[in-house]
Amino acid sequence: MSSSLYRRLHNIFGTSLPTKSAQTCNTLKSLPTKESKLKELVDKFKKSSELGKFRSKQDVYYSTVHRLASAKQFSMIEDILEDQKKYKDISIEGFAIRLITLYGKSGMLDHAHKMFDEMPELQCERTVKSFNALLAACVNSKKFDKVEGVFTELRAKLSLEPNVVSYNTVIKAFCEMGSLDSALSWVDEMERNGLDANLITYNTLLDAFYRNNRFLDGEKIWAMMETKNVVPDIRSYNAKFRGLVFERRTSEAVELIEELRTKGLKPDVLSFNALIKSFCNDGNIEEAKRWYKELMKCKCVPNWVTFTTLVPFLCEKGEFDMAFKICKKIMKRHYPVKKEILQLVVDGLVKESKLEEATELVELGRSNSFRYKLELCSDK
DNA sequence: CTAGGGTTAG
(Lines give C-alpha, C1' and ligand atoms only; values in the text may rest on other atoms or scores of the structure.)
Protein backbone atom coordinates (compact mmCIF):
# COMPACT_ATOMS: atom_id res chain seq x y z
CA MET A 1 0.00 0.00 0.00
CA SER A 2 1.27 3.47 -0.79
CA SER A 3 2.46 5.35 2.24
CA SER A 4 0.24 8.35 1.58
CA LEU A 5 -2.88 6.22 1.49
CA TYR A 6 -1.77 4.49 4.65
CA ARG A 7 -1.31 7.83 6.35
CA ARG A 8 -4.70 9.04 5.22
CA LEU A 9 -6.42 5.90 6.46
CA HIS A 10 -4.84 6.37 9.82
CA ASN A 11 -5.61 10.04 9.97
CA ILE A 12 -9.26 9.52 9.44
CA PHE A 13 -9.51 6.97 12.19
CA GLY A 14 -7.50 9.05 14.53
CA THR A 15 -4.77 6.54 15.23
CA SER A 16 -1.89 8.67 14.05
CA LEU A 17 -0.14 11.50 15.77
CA PRO A 18 -1.59 14.94 15.24
CA THR A 19 0.02 16.67 12.30
CA LYS A 20 2.55 19.38 12.88
CA SER A 21 0.26 22.15 11.75
CA ALA A 22 -2.47 21.04 14.14
CA GLN A 23 -0.04 21.14 17.04
CA THR A 24 1.10 24.62 16.11
CA CYS A 25 -2.48 25.73 15.86
CA ASN A 26 -3.37 24.52 19.31
CA THR A 27 -0.39 25.90 21.11
CA LEU A 28 0.08 29.24 19.44
CA LYS A 29 -3.29 30.52 18.46
CA SER A 30 -5.42 29.34 21.37
CA LEU A 31 -8.45 28.65 19.26
CA PRO A 32 -11.78 29.93 20.49
CA THR A 33 -13.14 27.43 22.95
CA LYS A 34 -16.41 25.70 22.36
CA GLU A 35 -17.98 27.57 25.25
CA SER A 36 -17.15 30.96 23.88
CA LYS A 37 -18.58 29.99 20.53
CA LEU A 38 -21.76 28.86 22.20
CA LYS A 39 -21.86 32.01 24.28
CA GLU A 40 -21.78 33.93 21.03
CA LEU A 41 -24.69 31.85 19.83
CA VAL A 42 -26.64 32.63 22.99
CA ASP A 43 -26.13 36.37 22.57
CA LYS A 44 -27.12 36.20 18.95
CA PHE A 45 -30.21 34.23 19.84
CA LYS A 46 -31.30 36.69 22.51
CA LYS A 47 -30.74 39.62 20.17
CA SER A 48 -32.73 37.93 17.40
CA SER A 49 -35.55 37.18 19.81
CA GLU A 50 -36.46 40.85 19.76
CA LEU A 51 -37.97 40.23 16.36
CA GLY A 52 -41.47 38.83 16.41
CA LYS A 53 -40.81 36.89 13.24
CA PHE A 54 -37.83 35.17 14.81
CA ARG A 55 -39.93 34.11 17.78
CA SER A 56 -42.30 32.28 15.47
CA LYS A 57 -39.53 30.02 14.20
CA GLN A 58 -39.85 27.12 16.52
CA ASP A 59 -37.39 24.87 14.72
CA VAL A 60 -34.61 27.37 15.42
CA TYR A 61 -35.54 27.23 19.11
CA TYR A 62 -35.43 23.45 19.08
CA SER A 63 -32.14 23.11 17.23
CA THR A 64 -30.40 25.78 19.30
CA VAL A 65 -31.53 24.37 22.63
CA HIS A 66 -30.67 20.89 21.47
CA ARG A 67 -27.19 22.00 20.56
CA LEU A 68 -26.69 23.64 23.94
CA ALA A 69 -28.07 20.60 25.71
CA SER A 70 -25.70 18.21 23.99
CA ALA A 71 -22.86 20.51 25.02
CA LYS A 72 -24.29 20.34 28.55
CA GLN A 73 -24.57 24.12 28.70
CA PHE A 74 -27.69 24.18 30.83
CA SER A 75 -27.21 27.64 32.21
CA MET A 76 -27.12 28.92 28.64
CA ILE A 77 -30.42 27.20 27.96
CA GLU A 78 -31.85 28.87 31.04
CA ASP A 79 -30.42 32.15 29.79
CA ILE A 80 -32.19 32.09 26.43
CA LEU A 81 -35.45 30.57 27.62
CA GLU A 82 -35.97 32.81 30.66
CA ASP A 83 -35.23 35.75 28.39
CA GLN A 84 -38.32 34.83 26.35
CA LYS A 85 -40.65 35.65 29.23
CA LYS A 86 -40.36 39.36 28.54
CA TYR A 87 -42.11 39.10 25.20
CA LYS A 88 -45.84 39.33 24.75
CA ASP A 89 -45.88 35.88 23.11
CA ILE A 90 -45.58 34.36 26.55
CA SER A 91 -49.28 34.92 27.12
CA ILE A 92 -50.03 32.62 24.20
CA GLU A 93 -50.29 29.10 25.53
CA GLY A 94 -48.53 27.57 22.52
CA PHE A 95 -45.44 29.67 23.19
CA ALA A 96 -45.34 28.72 26.86
CA ILE A 97 -45.77 25.08 25.86
CA ARG A 98 -42.76 25.44 23.62
CA LEU A 99 -40.62 26.58 26.53
CA ILE A 100 -41.90 23.79 28.77
CA THR A 101 -41.16 21.25 26.05
CA LEU A 102 -37.69 22.65 25.46
CA TYR A 103 -36.84 22.47 29.15
CA GLY A 104 -38.15 18.92 29.23
CA LYS A 105 -36.08 17.80 26.26
CA SER A 106 -33.02 19.32 27.87
CA GLY A 107 -33.57 17.26 31.00
CA MET A 108 -34.46 20.38 33.01
CA LEU A 109 -37.70 19.26 34.58
CA ASP A 110 -37.55 21.72 37.48
CA HIS A 111 -37.37 24.60 35.03
CA ALA A 112 -40.25 23.16 33.03
CA HIS A 113 -42.32 22.91 36.18
CA LYS A 114 -41.45 26.46 37.21
CA MET A 115 -42.47 27.70 33.77
CA PHE A 116 -45.81 25.97 34.15
CA ASP A 117 -46.31 27.45 37.62
CA GLU A 118 -45.55 30.95 36.38
CA MET A 119 -48.04 30.89 33.53
CA PRO A 120 -50.90 32.59 35.45
CA GLU A 121 -48.74 35.55 36.51
CA LEU A 122 -47.55 35.84 32.89
CA GLN A 123 -51.20 36.22 31.86
CA CYS A 124 -51.17 32.89 30.13
CA GLU A 125 -54.12 30.58 30.29
CA ARG A 126 -53.45 26.99 31.27
CA THR A 127 -55.42 24.24 29.64
CA VAL A 128 -54.97 20.51 29.52
CA LYS A 129 -52.45 21.08 26.74
CA SER A 130 -49.88 22.80 28.87
CA PHE A 131 -50.62 20.28 31.59
CA ASN A 132 -49.81 17.54 29.08
CA ALA A 133 -46.69 19.37 28.01
CA LEU A 134 -45.50 19.24 31.61
CA LEU A 135 -46.27 15.52 31.82
CA ALA A 136 -44.33 14.98 28.61
CA ALA A 137 -41.47 17.01 30.08
CA CYS A 138 -41.22 14.42 32.87
CA VAL A 139 -40.94 11.69 30.25
CA ASN A 140 -38.54 13.57 27.99
CA SER A 141 -36.27 14.39 30.91
CA LYS A 142 -36.41 10.71 31.87
CA LYS A 143 -37.78 11.51 35.31
CA PHE A 144 -40.42 8.87 34.76
CA ASP A 145 -41.21 8.47 38.43
CA LYS A 146 -42.33 12.11 38.58
CA VAL A 147 -45.19 11.64 36.13
CA GLU A 148 -47.70 10.08 38.48
CA GLY A 149 -47.17 12.75 41.12
CA VAL A 150 -47.54 15.60 38.68
CA PHE A 151 -50.66 13.99 37.25
CA THR A 152 -52.50 13.49 40.52
CA GLU A 153 -51.35 16.70 42.14
CA LEU A 154 -52.28 18.95 39.26
CA ARG A 155 -55.56 17.29 38.55
CA ALA A 156 -56.60 17.95 42.15
CA LYS A 157 -55.16 21.44 42.40
CA LEU A 158 -56.17 22.87 39.04
CA SER A 159 -59.26 20.75 38.42
CA LEU A 160 -58.09 20.13 34.90
CA GLU A 161 -59.75 17.19 33.24
CA PRO A 162 -57.09 14.84 31.81
CA ASN A 163 -57.68 13.60 28.29
CA VAL A 164 -56.34 10.69 26.21
CA VAL A 165 -53.05 12.46 25.66
CA SER A 166 -52.55 12.85 29.42
CA TYR A 167 -53.17 9.16 30.03
CA ASN A 168 -51.00 8.11 27.11
CA THR A 169 -48.12 10.08 28.57
CA VAL A 170 -48.53 8.47 31.98
CA ILE A 171 -48.74 5.05 30.35
CA LYS A 172 -45.58 5.81 28.40
CA ALA A 173 -43.78 6.68 31.62
CA PHE A 174 -44.70 3.37 33.24
CA CYS A 175 -43.64 1.51 30.11
CA GLU A 176 -40.29 3.27 30.20
CA MET A 177 -39.84 2.21 33.81
CA GLY A 178 -40.58 -1.37 32.83
CA SER A 179 -43.72 -1.39 34.99
CA LEU A 180 -45.86 -2.84 32.28
CA ASP A 181 -48.57 -4.06 34.59
CA SER A 182 -48.97 -0.61 36.12
CA ALA A 183 -49.19 0.70 32.57
CA LEU A 184 -52.07 -1.68 31.94
CA SER A 185 -53.85 -0.65 35.11
CA TRP A 186 -53.66 2.95 33.91
CA VAL A 187 -55.49 1.87 30.78
CA ASP A 188 -58.26 0.61 33.07
CA GLU A 189 -58.15 3.84 35.03
CA MET A 190 -58.53 5.81 31.85
CA GLU A 191 -61.49 3.76 30.74
CA ARG A 192 -63.14 4.16 34.15
CA ASN A 193 -62.93 7.88 33.43
CA GLY A 194 -64.83 7.43 30.21
CA LEU A 195 -61.87 7.68 27.84
CA ASP A 196 -61.05 5.05 25.22
CA ALA A 197 -57.56 3.85 24.53
CA ASN A 198 -56.57 4.87 21.03
CA LEU A 199 -53.97 3.73 18.51
CA ILE A 200 -51.21 5.62 20.30
CA THR A 201 -52.08 3.95 23.60
CA TYR A 202 -51.93 0.53 22.02
CA ASN A 203 -48.73 1.19 20.11
CA THR A 204 -47.07 2.39 23.29
CA LEU A 205 -48.06 -0.84 25.00
CA LEU A 206 -47.16 -3.08 22.07
CA ASP A 207 -43.75 -1.51 21.84
CA ALA A 208 -43.14 -1.99 25.55
CA PHE A 209 -44.32 -5.58 25.75
CA TYR A 210 -42.45 -6.83 22.70
CA ARG A 211 -39.35 -4.92 23.71
CA ASN A 212 -39.44 -6.55 27.13
CA ASN A 213 -39.73 -9.95 25.54
CA ARG A 214 -43.29 -10.52 26.69
CA PHE A 215 -44.47 -11.84 23.38
CA LEU A 216 -47.65 -13.50 24.61
CA ASP A 217 -48.79 -10.35 26.38
CA GLY A 218 -48.09 -8.48 23.17
CA GLU A 219 -50.46 -10.82 21.42
CA LYS A 220 -53.09 -10.09 24.09
CA ILE A 221 -52.79 -6.36 23.45
CA TRP A 222 -53.18 -7.08 19.78
CA ALA A 223 -56.40 -8.96 20.53
CA MET A 224 -57.66 -6.09 22.69
CA MET A 225 -57.18 -3.74 19.76
CA GLU A 226 -59.28 -5.96 17.57
CA THR A 227 -62.17 -6.14 19.99
CA LYS A 228 -62.08 -2.35 20.36
CA ASN A 229 -61.91 -1.88 16.59
CA VAL A 230 -58.65 0.04 16.71
CA VAL A 231 -56.93 -0.54 13.39
CA PRO A 232 -53.20 -1.29 13.70
CA ASP A 233 -50.81 0.80 11.63
CA ILE A 234 -47.25 0.22 10.53
CA ARG A 235 -45.92 1.11 13.96
CA SER A 236 -48.01 -1.62 15.54
CA TYR A 237 -46.57 -4.10 13.08
CA ASN A 238 -43.03 -2.86 13.62
CA ALA A 239 -43.41 -3.45 17.34
CA LYS A 240 -44.41 -7.03 16.60
CA PHE A 241 -41.46 -7.46 14.25
CA ARG A 242 -39.18 -6.64 17.15
CA GLY A 243 -40.81 -9.40 19.19
CA LEU A 244 -40.51 -11.95 16.40
CA VAL A 245 -36.88 -11.08 15.71
CA PHE A 246 -36.07 -11.38 19.39
CA GLU A 247 -37.65 -14.82 19.48
CA ARG A 248 -35.77 -15.74 16.29
CA ARG A 249 -39.00 -16.50 14.49
CA THR A 250 -37.75 -15.37 11.10
CA SER A 251 -40.26 -17.15 8.92
CA GLU A 252 -43.15 -15.64 10.86
CA ALA A 253 -41.60 -12.22 10.36
CA VAL A 254 -41.60 -12.84 6.61
CA GLU A 255 -45.25 -13.87 6.80
CA LEU A 256 -46.05 -10.74 8.75
CA ILE A 257 -44.79 -8.64 5.84
CA GLU A 258 -47.32 -10.37 3.61
CA GLU A 259 -50.05 -9.93 6.20
CA LEU A 260 -49.60 -6.20 6.59
CA ARG A 261 -49.54 -5.81 2.83
CA THR A 262 -52.91 -7.52 2.53
CA LYS A 263 -54.20 -4.96 5.03
CA GLY A 264 -53.18 -2.20 2.66
CA LEU A 265 -50.13 -1.16 4.68
CA LYS A 266 -46.61 -0.71 3.37
CA PRO A 267 -43.55 -1.99 5.21
CA ASP A 268 -41.11 0.82 5.99
CA VAL A 269 -37.40 1.01 6.87
CA LEU A 270 -38.02 -0.31 10.37
CA SER A 271 -39.88 -3.32 9.02
CA PHE A 272 -37.11 -4.10 6.56
CA ASN A 273 -34.44 -3.55 9.18
CA ALA A 274 -36.19 -6.15 11.32
CA LEU A 275 -36.15 -8.70 8.51
CA ILE A 276 -32.51 -7.96 7.70
CA LYS A 277 -31.57 -8.35 11.33
CA SER A 278 -33.45 -11.59 11.60
CA PHE A 279 -31.64 -13.11 8.65
CA CYS A 280 -28.29 -11.83 9.88
CA ASN A 281 -29.01 -13.60 13.17
CA ASP A 282 -29.64 -16.76 11.21
CA GLY A 283 -26.40 -16.31 9.29
CA ASN A 284 -28.36 -16.27 6.05
CA ILE A 285 -26.56 -13.71 3.94
CA GLU A 286 -28.50 -14.32 0.75
CA GLU A 287 -31.81 -13.51 2.40
CA ALA A 288 -30.35 -10.56 4.27
CA LYS A 289 -29.16 -9.14 0.95
CA ARG A 290 -32.47 -9.90 -0.69
CA TRP A 291 -34.36 -7.91 1.94
CA TYR A 292 -31.96 -5.03 1.59
CA LYS A 293 -32.71 -4.99 -2.13
CA GLU A 294 -36.41 -5.18 -1.35
CA LEU A 295 -36.02 -2.16 0.93
CA MET A 296 -34.44 -0.23 -1.94
CA LYS A 297 -37.08 -1.40 -4.38
CA CYS A 298 -39.81 -0.06 -2.10
CA LYS A 299 -38.11 3.33 -2.15
CA CYS A 300 -37.33 3.18 1.53
CA VAL A 301 -34.27 5.02 2.72
CA PRO A 302 -31.67 2.84 4.44
CA ASN A 303 -30.59 4.44 7.69
CA TRP A 304 -28.17 4.13 10.56
CA VAL A 305 -29.68 0.88 11.81
CA THR A 306 -29.67 -0.71 8.35
CA PHE A 307 -26.01 0.14 8.14
CA THR A 308 -25.12 -1.07 11.62
CA THR A 309 -26.84 -4.42 11.26
CA LEU A 310 -25.96 -5.29 7.70
CA VAL A 311 -22.47 -3.95 7.06
CA PRO A 312 -20.55 -5.87 9.77
CA PHE A 313 -22.33 -9.03 8.66
CA LEU A 314 -21.34 -8.45 5.02
CA CYS A 315 -17.74 -7.88 6.10
CA GLU A 316 -17.77 -11.08 8.10
CA LYS A 317 -18.83 -12.92 4.99
CA GLY A 318 -16.24 -11.18 2.83
CA GLU A 319 -18.82 -9.24 0.79
CA PHE A 320 -16.87 -6.02 0.75
CA ASP A 321 -18.23 -4.68 -2.52
CA MET A 322 -21.77 -4.57 -1.27
CA ALA A 323 -20.60 -3.28 2.12
CA PHE A 324 -18.83 -0.50 0.26
CA LYS A 325 -21.93 0.43 -1.72
CA ILE A 326 -24.08 0.60 1.40
CA CYS A 327 -21.51 2.69 3.26
CA LYS A 328 -21.43 5.18 0.43
CA LYS A 329 -25.19 5.46 0.37
CA ILE A 330 -25.44 5.96 4.11
CA MET A 331 -22.62 8.43 4.38
CA LYS A 332 -23.93 10.57 1.58
CA ARG A 333 -27.01 11.08 3.69
CA HIS A 334 -24.74 12.43 6.42
CA TYR A 335 -25.61 9.91 9.03
CA PRO A 336 -22.89 9.77 11.66
CA VAL A 337 -21.28 6.44 11.10
CA LYS A 338 -19.58 4.14 13.57
CA LYS A 339 -15.96 4.30 12.64
CA GLU A 340 -15.20 0.76 13.83
CA ILE A 341 -17.58 -0.54 11.18
CA LEU A 342 -16.15 1.73 8.54
CA GLN A 343 -12.74 0.42 9.49
CA LEU A 344 -13.87 -3.15 8.83
CA VAL A 345 -14.89 -2.23 5.31
CA VAL A 346 -11.75 -0.24 4.61
CA ASP A 347 -9.56 -3.09 5.89
CA GLY A 348 -11.40 -5.56 3.71
CA LEU A 349 -11.09 -3.40 0.61
CA VAL A 350 -7.40 -2.85 1.26
CA LYS A 351 -6.89 -6.60 1.67
CA GLU A 352 -8.48 -7.11 -1.73
CA SER A 353 -6.26 -4.33 -3.15
CA LYS A 354 -9.28 -2.15 -3.93
CA LEU A 355 -7.42 0.96 -2.93
CA GLU A 356 -9.55 3.41 -4.85
CA GLU A 357 -12.68 2.32 -3.05
CA ALA A 358 -10.89 2.35 0.27
CA THR A 359 -9.69 5.88 -0.36
CA GLU A 360 -13.14 7.00 -1.39
CA LEU A 361 -14.61 5.72 1.86
CA VAL A 362 -11.92 7.42 3.87
CA GLU A 363 -12.62 10.72 2.12
CA LEU A 364 -16.34 10.34 2.74
CA GLY A 365 -15.64 9.54 6.37
CA ARG A 366 -13.75 12.78 6.68
CA SER A 367 -16.76 14.83 5.59
CA ASN A 368 -19.27 12.67 7.41
CA SER A 369 -19.17 14.58 10.66
CA PHE A 370 -22.44 16.10 11.65
CA ARG A 371 -22.81 19.69 10.68
CA TYR A 372 -24.99 22.08 12.57
CA LYS A 373 -26.82 24.54 10.45
CA LEU A 374 -28.49 27.55 11.94
CA GLU A 375 -29.46 30.74 10.30
CA LEU A 376 -29.96 33.27 12.98
CA CYS A 377 -31.14 36.74 12.04
CA SER A 378 -32.03 35.47 8.58
CA ASP A 379 -35.16 37.58 8.70
CA LYS A 380 -33.74 40.99 9.38
C1' DC B 1 -47.27 28.33 16.29
C1' DT B 2 -49.71 25.21 20.75
C1' DA B 3 -49.66 18.45 24.31
C1' DG B 4 -49.04 11.98 23.39
C1' DG B 5 -46.34 6.68 20.08
C1' DG B 6 -40.43 3.87 16.40
C1' DT B 7 -34.34 1.13 16.33
C1' DT B 8 -28.73 5.16 17.10
C1' DA B 9 -26.97 9.38 18.25
C1' DG B 10 -26.25 13.89 16.90
Selection from [options] that lies nearest to any side-chain heavy atom of [X]:
| X | options | result |
| --- | --- | --- |
| A/Lys129 | B/dT7, B/dA9, B/dA3 | B/dA3 |
| A/Ile200 | B/dT7, B/dG4, B/dT8 | B/dG4 |
| A/Val128 | B/dA3, B/dG10, B/dC1 | B/dA3 |
| A/Val269 | B/dT7, B/dT8, B/dT2 | B/dT7 |
| A/Phe95 | B/dA9, B/dC1, B/dT2 | B/dC1 |

Does the distance from a Lys or Arg side-chain N to an Asp or Glu carboxylate O, for A/Asp43 and A/Lys39, drop under 4.0 Å? yes
Under 6.0 Å from the six-membered ring centre of A/Phe95 and within 45° of its axis: does the NZ or CZ of A/Arg55 meet both? no
Between A/Asn281 and A/Ser278, do the side chains contain an N or O donor and an N or O acceptor separated by less than 3.5 Å? no
Using only atom types and a distance under 3.5 Å, with no angle test, would you say the side chain of A/Arg261 pairs donor to acceptor with the backbone of A/Lys266? no
Enumerate, atom names and distances included, each donor-acceptor pair closer than 3.5 Å involving a side-chain atom of residues 314-321 of chain A, sequence neighbours excluded.
residue  : atom : partner  : partner atom : Å
A/Glu319 : OE1  : A/Lys289 : NZ           : 2.9
A/Glu319 : OE2  : A/Lys289 : NZ           : 3.3
A/Asp321 : OD1  : A/Lys354 : NZ           : 3.2
A/Asp321 : OD2  : A/Lys354 : NZ           : 3.3

How about A/Phe45 and A/Phe54: are their ring centres within less than 6.0 Å of each other? yes
Atom-pair distance ([atom1] on [X]; [atom2] on [N]), nearest Å:
| X | N | atom1 | atom2 | value |
| --- | --- | --- | --- | --- |
| A/Met190 | B/dG4 | CE | C1' | 10 Å |
| A/Asn212 | B/dT7 | CG | P | 14 Å |
| A/Glu125 | B/dC1 | CD | P | 14 Å |
| A/Lys88 | B/dC1 | NZ | P | 13 Å |
| A/Phe246 | B/dT7 | CZ | C1' | 14 Å |
| A/Asp207 | B/dG4 | CG | C1' | 14 Å |
| A/Arg67 | B/dA9 | CZ | P | 21 Å |
| A/Glu340 | B/dA9 | CD | C1' | 13 Å |

Do the ring planes of A/Trp222 and A/Tyr210 sit parallel (below 30°), tilted (30 to 60°) or perpendicular (above 60°)? perpendicular
Within residues 155-183 of chain A, residues whose heavy atoms come under 4.0 Å of DNA chain B: A/Asn163, A/Val164, A/Val165, A/Asn168, A/Thr169, A/Lys172
Spell out yes or no: do the side chain of A/Arg98 and the base of B/dC1 have one donor N/O and one acceptor N/O closer than 3.5 Å? yes
Indicate, yes or no, whether a donor-acceptor pair under 3.5 Å links the base of B/dT7 to the side chain of A/Asn303. yes
Would you classify [X] as touching base, sugar-phosphate or nothing, given that sugar-phosphate means primed atoms plus P, OP1 and OP2, and contacts are heavy atoms under 4.0 Å?
| X | result |
| --- | --- |
| A/Gln58 | nothing |
| A/Leu206 | nothing |
| A/Asn140 | nothing |

Suppose the criterion is side-chain hydrogen bond (donor to acceptor under 3.5 Å, both in side chains): which pairs have a residue in residues 120-137 of chain A, not counting sequence neighbours? A/Glu93-A/Thr127, A/Glu93-A/Ser130, A/Asn132-A/Asn163, A/Asn132-A/Ser166
By nearest-heavy-atom nucleotide on DNA chain B, the more 5' of A/Trp304 and A/Ile97 is A/Ile97
Judged by nearest nucleotide, the residue sitting upstream toward the 5' end of DNA chain B, A/Thr306 or A/Lys105, is A/Lys105
